[in-house]
Amino acid sequence: VEPLIARLKHWDENVRQAVARLLGDIKDARAIDPLSAALKDNWWDVRSAAAEALRQIGDPRTVKSLIAALSDEDGGVRRLAAKALVSLFHNASLSEKIKQEILACRSRITSPHTDEMDRFDGCDMHTDKGIGVEFPL
């Protein structure tokens, strides 16, 4: 895992993206901080891969980074961050405090967006049902 983590700083964005995907497949908690840092990469595809990898790892320590990624300039990154947060919300062992942090940004997870993603995915992210969760009212 450590050699892969080091590659998250590689000069080639394709390498960084592939490494983020691999770290998500491995699901090692040592990758949480480096993947959270990768959510600020210059390339949207690296940020997307990092968000998906954090979803796969499923650790509550990723919540703050994922919430920050809800403000990403790229709709795909925002969408993957939202999916990761919803996935964490469903985690039975998640503390009530963390669930409340996720619920506090519910409107950012389900709210409409005004970018090119509308044309690609039909914008099913606007509702709780669209993101696969029925948040409590």
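Only heavy atoms go into these numbers, but all of them, side chains included; no hydrogens, no water, no symmetry mates.
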Taking all atoms of both residues into account, what is the closest heavy-atom pair of Cys105 and Ile67, and its distance? SG-CG1, 3.8 Å

Which pair of heavy atoms, one from Thr62 and one from Asp59, lies closest together, and at what distance? OG1-O, 2.7 Å

For Ala81 and Ala69, the nearest pair of non-hydrogen atoms, with its separation, is CB-CB, 3.7 Å

Where is the tightest heavy-atom contact between Leu39 and Ala50, given as atom of each residue plus distance? CD2-CB, 4.0 Å

Ion pair Asp74/Arg47, N-O distance below 4.0 Å: no

Inter-residue atom distance Phe89.CZ - Glu101.CD, 0.5 Å rounding: 12.5 Å

Same apolar cluster (I L V M F W Y, side chains within < 4.5 Å links), Val15/Leu22: yes

Single-linkage hydrophobic cluster, 4.5 Å side-chain cutoff, Leu80 and Trp44 together: no

Check whether any side-chain heavy atom of Val86 lies under 4.5 Å from a side-chain heavy atom of Lys83, and answer yes or no. no

I'd like to know if the side chain of Arg16 reaches the main chain of His10, judged simply by a donor and an acceptor atom lying under 3.5 Å from each other, with no hydrogens or angles considered. yes

Straight-line distance of Leu23 CG to Leu54 CG, nearest 0.5 Å: 9.5 Å

Rounded to the nearest 0.5 Å, what separation is found between the CG atom of Leu103 and the CD1 atom of Ile98? 11.5 Å

Output all residues satisfying side-chain hydrogen bond (donor to acceptor under 3.5 Å, both in side chains) with Glu2, sequence neighbours left out; order by chain, then residue number. none

Taking the basic N atoms (NZ, or NE/NH1/NH2) and the acidic carboxylate oxygens, is any pair closer than 4.0 Å for Glu73 and Arg78? no

Could you work out, with salt bridge (charged side-chain N to carboxylate O under 4.0 Å, His left out) as the rule, every residue matching Asp28, not counting sequence neighbours? Arg30

In sequence, state the C-alpha distance, the side-chain angles, and the governing distance for Leu70 and Val77, and then conclude on side-chain contact (heavy atoms from CB on, under 4.5 Å). CA-CA 8 Å; Leu70 292 174; Val77 175; over 6 Å; no

Charged N to carboxylate O under 4.0 angstrom, Glu96 versus Lys99? no

Closest heavy-atom pair and its distance - Ala53, Gly24: CB-CA, 3.6 Å

Does Ile32 offer a backbone N or O that forms a donor-acceptor pair with the side chain of Ser36 under 3.5 Å? yes

How long is the gap from CZ on Arg79 to CD on Glu52, to the nearest 0.5 Å? 10.0 Å

Those residues that, when tested against Asn42, pass side chain to side chain contact (heavy atoms under 4.5 Å, CB included) (two or more places apart): none

Identify whether Ile102 and Ile57 are in the same connected component of the hydrophobic contact network (ILVMFWY, side-chain heavy atoms under 4.5 Å). yes

side-chain hydrogen bond (donor to acceptor under 3.5 Å, both in side chains) partners of Lys9, counting only residues at least two apart: none

All heavy atoms of Ala31 vs all of Pro34, minimum pair found to be O-CD, 3.3 Å

To the closest 0.5 Å, what do you measure between CZ (Arg55) and CG (Leu88)? 9.5 Å

Mind checking salt bridge (charged side-chain N to carboxylate O under 4.0 Å, His left out) for Asp25 and listing every partner two or more places apart, or none if nothing turns up? none

Count the heavy atoms of every other residue, nucleotide or ligand shown that sit under 6.0 Å from NZ of Lys27, and state whether that count exceeds 12. yes

By side-chain hydrogen bond (donor to acceptor under 3.5 Å, both in side chains), Arg21 pairs with (sequence neighbours left out) none

In Å and rounded to the nearest 0.5 Å, what is the CG to CG distance from Leu66 to Leu85? 5.0 Å

